[in-house]
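Structure record follows, encoded as structure tokens.
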Amino acid sequence: MPSFQTSPGTRDILPPQAGRWRALNAVFAGVVESAGFECVIPPMFEDLGVFLRLGDATDVVTKEMYDFEDKGGRRVALRPEHTAGICRSFAQHRPTTPWKVWYSGSNFRYEKAQAGRYRQFDQVGIEVLGSTDALLDVEVISLGWRFFQELGMSSVLLMVNSLGDLADRERYIDALRAYFVTHSESLSAESRATLERNPLRVLDSKRPQDKSVIAGAPTINDFLSDEAREHFSLVCRGLDQLSIPYAVNTGLVRGLDYYQRTVFEFVSTALDSAQTAVGGGGRYDGLVEDLGGPATPGVGFAMGVDRTLLACDAEGVFLAGDAPLDAFIIDVTDGFAALRIADRLRAAGFRVDRAFDGRSMKAQMKVADRSGAQVAIIIGSDEAAAHSCTLRDLGTSEQRLVLEADLVENLSALVGSRTPRRTTS
RNA sequence: GUGGGCGUAGCUCAGUUGGUUAGAGCGCCAGGUUGUGGUCCUGGAGGUCGGGGGUUCGAGACCCCUCGUUCACCCCA
């Protein structure tokens, strides 16, 4: 057992899995940049106060925050999500609206790890600040949908709901509390405790005992203002226009307090663990103001990278790996030819690796084979004497002798031409 | 934070009611093939059996503690 290993809830993303993460990020960036979103990179930690706006009744704030005092006596916290930091950033820099940004990075929550849930977890997401347009909600949702489509997933379901405006929501919470209180003897002990803190969360209970009580609970529908109802109706009509399938789920409440009006969640039916939500988001019109900025509406989503890849595994899709090598150089002389040729071919734009430690030709050939390279470039004493090398196609096993001076041309013929890398000389 | 399962080689796992030097497959290294990979054959390296304590003549196995991991709850991506 080594002296050190990863801390609980964290892990090393090793190749080839790490290559898949980068590929997923690339797919995401491609989707959202096609809609005019630009990348933003906020800090990983912020003043604790930024995150306290997520809601003092939420677990994210009350027990999962990775907070600490730094050497200057500041109370800071590792971000548990990106949205609050991005709203703080907006309030600080006041960019022109609508501000359409995307991000990719780690978040931190002090929870006990389980399938699809880690203390350090990655999300990709988008936020739009400065517009109340319901069709913007649709655009945001549609980009999330397209992301899963481009990964090749077919197990993703979209659930939408409206939490109404602040006043609607408060009236609803009151009604919900009153209802649950009168039925509290039928509720589980856990749900009774939840009821004290946040009646909305009781709707999320997965305990069978609570099912019937929840089924009879008042729904948010009856409490929506005319404006909120119209907004939600536009969202649904927009999704219809794009032929994006969805289900209205009046029990969908989301875990953070800042949501208003539209909320949505993407769940994967391919996941059989307890965590099936691969992403979610909604509208948060009061958050920027809460953080001391101008009253600014906002809408966005975050997708869990880990869970999305788990769902891809379960579906057997998006099995992207790292790009293979073009060539592997085998030098059984003094190694200088490999050194020289590798440098030249890389400058010419090829992906090239080689062996070290003066191993036997057989050993180097095995490494070349495992590397996935298409071509082996072999330099033995005969080739070295003739300023040449043997090009062996590892797929067909055909090989021929070429002059070192003609190497780029001959390799191009086998693996295709490449664009030379930029040099300063 | 609470509860259950599991910790034996790099990986996946065997290991009988406690009984000699702890095994297999895959992977890795070397050789067969002194200039050629993917197949095959042979050999080799690699383990304080998660850690600590206890029971016993004797513990990988049994007991306690601890750490880690995993699944679930809480909650969430």
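Letters A, B, ... are given to chains in the order of the sequence lines, protein chains preceding strands, and every chain is numbered from 1.
As rounded to the nearest Å, B:A30 and B:A14 have C1' atoms that lie 28 Å from one another. Rounded to whole Å, the C1' atom of B:C62 lies 16 Å from the corresponding atom of B:U16. Spacing between B:C11 and B:C73 at atom P, rounded to whole Å, works out to 29 Å. Taking atom P on both B:G37 and B:U8, the two are 36 Å apart, rounded to the nearest angstrom. Separating the P atom of B:G10 from that of B:A45 is a span of 15 Å, rounded to the nearest Å. Rounded to whole Å, the separation between the P atoms of B:G7 and B:C64 comes to 16 Å. Remark: the separation of the C1' atoms in B:G15 and B:G60 is 8 Å, to the nearest Å.
Taking the ring centre of A:Phe356 as origin, the terminal cationic atom of A:Arg354 falls inside the region bounded by 6.0 Å and 45° from the ring axis. Under the 6.0 Å distance and 45° angle rule, A:Arg119 counts as a cation-pi partner of A:Tyr110.
Counting non-hydrogen atoms under 4.0 angstrom, A:Glu81 reaches nothing in the nucleic acid. Counting non-hydrogen atoms under 4.0 angstrom, A:Asp382 reaches a base of the nucleic acid. Nucleic acid contact class of A:Glu265 (heavy atoms, under 4.0 Å, all strands): none. Using a 4.0 Å heavy-atom criterion, one finds that A:Gly116 contacts the bases of the nucleic acid, with or without backbone contacts as well. A:Phe266 comes within 4.0 angstrom of no nucleic acid atom, judged by non-hydrogen atoms across all strands. A:Val278 comes within contact range of the sugar-phosphate backbone alone, with a heavy-atom separation under 4.0 Å but no base atom that close. Using a 4.0 Å heavy-atom cutoff across all strands shown, A:Ala115 reaches sugar-phosphate atoms only and no base atom. At the heavy-atom level, A:Arg359 lies under 4.0 Å from the strands shown only through sugar-phosphate atoms. Nucleic acid contact for A:Gly281: none, since no nucleic acid atom lies under 4.0 Å from a heavy atom of the residue. At a threshold of 4.0 angstrom between heavy atoms, the contacts of A:Glu383 include nucleobase atoms, whether or not backbone atoms are also involved.
Base pairing analysis places B:C6 opposite B:G68; the two distances defining the Watson-Crick or G-U wobble pair are each below 3.5 Å. Using Watson-Crick or G-U wobble geometry with both donor-acceptor distances under 3.5 Å, B:G1 finds its partner in B:C73. The partner of B:C62 is B:G54, judged by Watson-Crick or G-U wobble contacts that both fall below 3.5 Å. Remark: B:C13 base-pairs with B:G23; criterion is Watson-Crick or G-U wobble with both hydrogen-bond distances under 3.5 Å. Remark: B:A30 base-pairs with B:U42; criterion is Watson-Crick or G-U wobble with both hydrogen-bond distances under 3.5 Å.
Listed candidates were B:C74, B:A77, B:G38. Nearest to the side chain of A:Thr194 is B:C74. When distances run from any side-chain atom of A:Ala277 to the nucleotides B:C76, B:A77, B:G35, the shortest one goes to B:A77. Of the candidates B:G35, B:G68, B:C76, B:G68 carries the atom nearest the A:Gln5 side chain, counting heavy atoms from C-beta on. Distance from the side chain of A:Ser381 is smallest to B:G35 among B:G35, B:C76, B:C29. Of the candidate nucleotides B:A77, B:C75, B:G35, B:A77 has the atom nearest to the side chain of A:Phe121. The side chain of A:Pro8 has B:G68 as its nearest neighbour among B:G68, B:G38, B:U36. For A:Lys362, the listed nucleotide lying nearest its side chain is B:G32; candidates were B:G32, B:A30, B:G68. Closest approach to the A:Ala363 side chain among B:G68, B:G35, B:A30 is made by B:A30 (side chain taken as heavy atoms from C-beta onward).
Toward the 5' end of RNA chain B, the nearer of the two residues A:Gln275 and A:Leu394, judged by each one's closest nucleotide, is A:Leu394.
We find that A:Asp137 and A:Arg283 are joined by a salt bridge, their nearest charged nitrogen and carboxylate oxygen being less than 4.0 Å apart. A:Lys100 and A:Glu38 are not joined by a salt bridge, as no carboxylate oxygen comes within less than 4.0 angstrom of a charged side-chain nitrogen. A salt bridge links A:Asp313 with A:Arg20; the closest basic N to acidic carboxylate O contact falls under 4.0 Å. Electrostatic pairing of A:Glu398 and A:Arg392 does not count as a salt bridge here, judged by no charged N lying under 4.0 Å from a carboxylate O.
Rounded to an integer number of Å, the gap from CZ of A:Phe108 to C1' of B:A77 is 14 Å. Going from atom CG of A:Asp353 over to atom C1' of B:G37 covers 15 Å, rounded to whole Å. Put simply, CZ on A:Phe264 is 13 Å from C1' on B:A77, counting in whole angstrom units. Rounded to a whole Å, the CG atom of A:Leu401 is 16 Å from the P atom of B:U36. Here B:U33 presents its C1' atom at 13 Å from CE of A:Met365, a figure rounded to the nearest Å. What separates CG of A:Leu14 from C1' of B:G10 is a distance of 12 Å, to the nearest Å. Atom pair A:Ile377:CD1 and B:G35:C1' shows a separation of 17 Å (rounding to whole Å applied). Computed from coordinates, the A:Ile379 CD1 to B:G35 C1' distance equals 13 Å when rounded to whole Å.
By the 30° and 60° cut-offs, the orientation of the rings of A:Tyr258 relative to A:Tyr284 is perpendicular. Ring geometry, A:Tyr172 versus A:Phe223: the interplanar angle falls from 30° to 60°, so the pair is classed tilted.
No more than 12 heavy atoms of other residues, nucleotides or ligands lie within 6.0 Å of CZ in A:Arg22, so this atom counts as exposed by the packing criterion.
Below the 3.5 angstrom threshold, one finds no donor paired with an acceptor across the side chain of A:Ser360 and the base of B:G35. For B:U36, the base has no donor-acceptor partner in the side chain of A:Gln364 [N/O atoms by modelled type, under 3.5 angstrom].
Here A:Gln114 reaches the OP1 or OP2 of B:A72: one of its side-chain N or O atoms lies under 4.0 Å away. Neither OP1 nor OP2 of B:A72 sits under 4.0 Å from any side-chain N or O of A:Arg117. Dashed line: the shortest gap from a side-chain N or O of A:Arg370 to OP1 or OP2 of B:C28 is under 4.0 Å. Side-chain nitrogen and oxygen atoms of A:Arg392 include none within less than 4.0 Å of the OP1 or OP2 phosphate oxygen of B:G38. Neither OP1 nor OP2 of B:U36 sits under 4.0 Å from any side-chain N or O of A:Thr390.
At a threshold of 4.5 Å between non-hydrogen side-chain atoms, the residues A:Ile377 and A:Leu345 count as touching. Between A:Arg109 and A:Gln120, the closest side-chain pair of non-hydrogen atoms is not below 4.5 Å. Looking at A:Met153 and A:Thr308, their side chains come closer than 4.5 Å, going by heavy atoms from C-beta outward. Within the 4.5 Å cutoff, no side-chain heavy atoms of A:Leu176 are placed close to those of A:Val202.
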Which pairs, protein N/O on one side and nucleotides 2-9 of chain B N/O on the other, fall under 3.5 Å?
| unit_1 | atom_1 | unit_2 | atom_2 | d |
| --- | --- | --- | --- | --- |
| B:U2 | O4 | A:Lys112 | NZ | 3.3 |

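Closest heavy-atom contact between A:Gly251 and A:Leu203: O-CB, 4.0 Å.
Of the residues in residues 301-319 of chain A, those lying under 4.0 Å from RNA chain B by heavy-atom distance are A:Gly304, A:Arg307.
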